[in-house]
Amino acid sequence: MGDRPDGDGRVEIIVAYGGLDGVRQLLQFSDHIEVVAPEPARRLIHRLAARTAHTHRPATVNTSAETVHPPLI
């Protein structure tokens, strides 16, 4: 733990949770944090962030006056 050797100002910390789902708490840090391990935690954060981005995507309006959202990919 400590300053990274490349001097970019990032700090490595280790966080332990009783279960994988605990990493949800890290989403509050948005792009100010990167989960680097374990891989299942990285995948969960990625999936949750993608769902959040999809939920909050800009709406497009069609000519029938109903709001249309692009499909989740």
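These numbers come from the heavy atoms of this one structure, side chains and all, not from hydrogens, waters or symmetry mates.
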Any pair counted as side chain to side chain donor-acceptor pair (under 3.5 Å), so long as it reaches residues 26-37, sequence neighbours left out: E34-R42
Donor-acceptor contact below 3.5 Å, side chain R57 vs main chain H54: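 Side chain of R57 to backbone of H54, a donor-acceptor pair under 3.5 Å: yes, one is there.
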Spacing of L27 atom CG and I45 atom CD1 [to the nearest 0.5 Å]: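 Here the rounded value is 4.0 Å.
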Straight-line distance of R43 CZ to R47 CZ, nearest 0.5 Å: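 It is 8.5 Å, given to the nearest 0.5 Å.
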Below 3.5 Å, can you tabulate the donor-acceptor pairs from side chains in residues 14-23 to any protein atom, sequence neighbours excluded?
unit_1 : atom_1 : unit_2 : atom_2 : d
D21    : OD1    : R24    : NE     : 2.6
D21    : OD2    : R24    : NE     : 3.3

